[in-house]
Amino acid sequence: MKVLVINCGSSSLKYQLIDSETEQVLAKGLCERIGIDGALTHQPAGKGKIKSEPAMPDHKTAIGIVLEQLTDKENGVVESLDEIGAVGHRIVHGGEKFTKSCIITDEVIKEVEECSVFAPLHNPAGLIGVRACQELMPNLPMVAVFDTAFHQTMPEKAYLYGIPRKYYDEDGIRRYGFHGTSHQFVSGEAAKMLGKDIKDLKIIVCHLGNGASVTAVEGGKSVDTSMGLTPLEGLIMGTRSGDLDPAIIEFIANKENKTASEVVNILNKESGVYGLSGVSSDFRDIKAAENEGNKAAGAALDAFIYRVVKYIGAYAAAMNGVDAIAFTAGVGENDDATRAEICSYLGYLGAKIDSEKNDVHGEAAVISSDDSRVALLCIPTNEELMIARDTVALVK
Ligand code: ADP
């Protein structure tokens, strides 16, 4: 079956058409500046990127343009839309209602809307994508895959915040976690690479991209993860602060005469390694600045690494051991120096990185030495493939 995977943001939309039998990507692309003017990058498998600037006043128009590209005589990859068997949608927040992926019904849409309080930018965008696809392909089954679902196995002790219980009971304020599709995919791949049953493994997955999170996966289930009610908690990220003393919000609000929302916006968009370095949110730019002697850039990277190291320690403790630590996403897959620095703190676990094996970028590899007590792995994530797999499993 050919599955269209849609990842819809407020002004952008990523797509992939995946053949579920071969798991090959037939075409992929990105619509940007939706609602502003419109920019499309379309890439059929084995060909270069094709860029154009069709008007995209709304998401429905953008998806219509994507469907035209997929069936285009010259650059298309299917003869007609009838060849597409289902659509899988990435939805960010599934609250406590969604513990796994599901077929999209009116009821599901209503429940996703209810979860929008915790993801006010992401969930509505996801639903706009769902509705646009429903209008353009009314007979096709659609599946929702949630970033939070994999973490619904966390025990209460891991997801409760130490605040009055009523905020959880009445408002659902708790830790939910994100990047679940990636953590599930990567932990599954880690077990395959080690030739072991995931049920017998304790794995720590470090998803280190612009957004970053660490998850403790025990027996194939998420038992703790670093992001919380929203993706702001946990690691120091590209532009997000991660963990901090909540009193800082009051301090900045008072000092700069800002509302709580304005301060949280600073914590989401102007903080992290970007805010600390004052250079960029892109790790490559920050490294270049560090190499040119920028001390703040070096300190930002050190703080990022140190926070990852602390979470690894916390999760090794939470699981009473760890068999494998997997690195994924932009930094985790490509930045061997950052992987090596993180692992340099892990001697107490008996983890030893092999510098030659660690010289990998964007490919799956074991990067630990043969005598390492913990397997260290580099594993490219593939959230789209995971969405396609879930979609096929549900519509078949
Ligand atoms: P997201 O999906 O959250 O936008 P990605 O997983 O694509 O993020 O990761 C993007 C980050 O990965 C960027 O900050 C980029 O600098 C970083 N990155 C990509 N390649 C490298 C590399 N070779 N060295 C260091 N950082 C890298």
Side-chain angles (χ1 to χ4, degrees), residues 5-16 28-32 41 43 90 92 119 121-122 125-126 145 147-148 177-186 189 205-215 225-227 230-242 268-292 294 297-298 300-305 307-308 326-343 358-365 367 378-387:
V5 175
I6 300 277
N7 180 352
C8 212
S10 52
S11 68
S12 69
L13 183 159
K14 288 190 214 154
Y15 61 93
Q16 285 195 3
K28 64 181 176 181
L30 169 67
C31 302
E32 288 170 291
T41 308
Q43 188 173 21
R90 175 197 180 214
V92 168
L121 296 178
H122 289 97
V145 180
D147 265 30
T148 49
F178 298 86
H179 290 143
T181 314
S182 175
H183 289 293
Q184 184 174 11
F185 179 81
V186 171
E189 292 298 302
V205 180
C206 304
H207 178 113
L208 310 179
N210 199 12
S213 64
V214 182
T215 295
T225 191
S226 58
M227 284 178 166
T230 76
L232 186 52
E233 190 179 341
L235 300 179
I236 293 175
M237 311 182 208
T239 63
R240 295 190 191 115
S241 63
N268 266 308
K269 300 201 176 132
E270 296 172 33
S271 301
V273 289
Y274 167 72
L276 278 173
S277 68
V279 172
S280 162
S281 63
D282 192 302
F283 283 75
R284 288 163 290 197
D285 299 339
I286 305 171
K287 289 194 151 205
E290 183 190 23
N291 291 336
E292 284 162 17
N294 182 327
L301 294 172
D302 287 347
F304 168 82
I305 286 167
R307 185 74 59 88
V308 176
F327 295 95
T328 193
V331 177
E333 291 167 24
N334 296 300
D335 187 350
D336 53 301
T338 295
R339 287 193 303 252
E341 264 197 69
I342 293 170
C343 294
N358 187 37
D359 190 16
V360 281
H361 310 96
E363 309 164 42
I367 56 172
C378 169
I379 303 180
T381 191
N382 196 337
E383 288 160 284
E384 291 79 12
L385 178 57
M386 193 78 212
I387 293 173

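Just so you know, ligand 1 is whichever comes first in the structure, and atom 1 is the first atom listed for that ligand. Fair warning: this is a prediction, and the values are worked out from it, not measured in the lab.
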Does the side chain to side chain contact (heavy atoms under 4.5 Å, CB included) test come out yes or no for F327 and I367, once each step is laid out? CA-CA 10 Å; F327 295 95; I367 56 172; 4.3 Å; yes
D282 to ligand 1: N or O pair under 3.5 Å? yes
Number the atoms of ligand 1 from 1 as they appear, then name those within less than 4.0 Å of a heavy atom of G211, with their elements. 3 (O)
Protein heavy atom at shortest distance from atom 23 (N) of ligand 1: N334 CB, 3.4 Å
Using modelled atom types and a 3.5 Å cut-off, is there a donor and acceptor pairing between side-chain atoms of R240 and backbone atoms of N210? no
Give the residue, atom name and distance (to 0.1 Å) of the protein heavy atom nearest atom 17 (C) of ligand 1. V331 CG2, 3.7 Å
Output all residues satisfying side chain to side chain donor-acceptor pair (under 3.5 Å) with E233, sequence neighbours left out; order by chain, then residue number. Y161, R175
Can you tell me how the ring of H179 sits relative to the ring of H207, calling it parallel under 30°, perpendicular over 60° and tilted otherwise? parallel
Do any N or O atoms from the side chain of S281 and from the backbone of Y274 form a donor-acceptor pair under 3.5 angstrom? no
So does G234 get a backbone contact from the side chain of R307, meaning a donor-acceptor N/O pair under 3.5 Å? yes
Could you go through the side chain to side chain contact (heavy atoms under 4.5 Å, CB included) check for D359 and H361 one step at a time? CA-CA 7 Å; D359 190 16; H361 310 96; 3.1 Å; yes
Does S226 reach the main-chain N or O of V214 with its side chain, forming a donor-acceptor pair under 3.5 Å? yes
Hey, is atom 6 (O) of ligand 1 touched by any protein heavy atom at less than 4.0 Å? yes
Minimum distance, heavy atoms only, to atom 25 (C) of ligand 1: which one of L208, T328, D335 is it? D335
Could you tell me whether N210 and ligand 1 have an N or O pair separated by under 3.5 Å? yes
Report, in ascending order of atom number, the atoms of ligand 1 lying under 4.0 Å from any heavy atom of S281. 14 (O)
Check each atom of ligand 1 against the heavy atoms of F283 and keep those under 4.0 Å away; list them by number with element. 14 (O), 16 (O), 26 (N)
Go through ligand 1 atom by atom and flag the ones less than 4.0 Å from a non-hydrogen atom of A329. 6 (O)
Taking distance alone, with no angle check, do G330 and ligand 1 share an N/O pair under 3.5 Å? yes
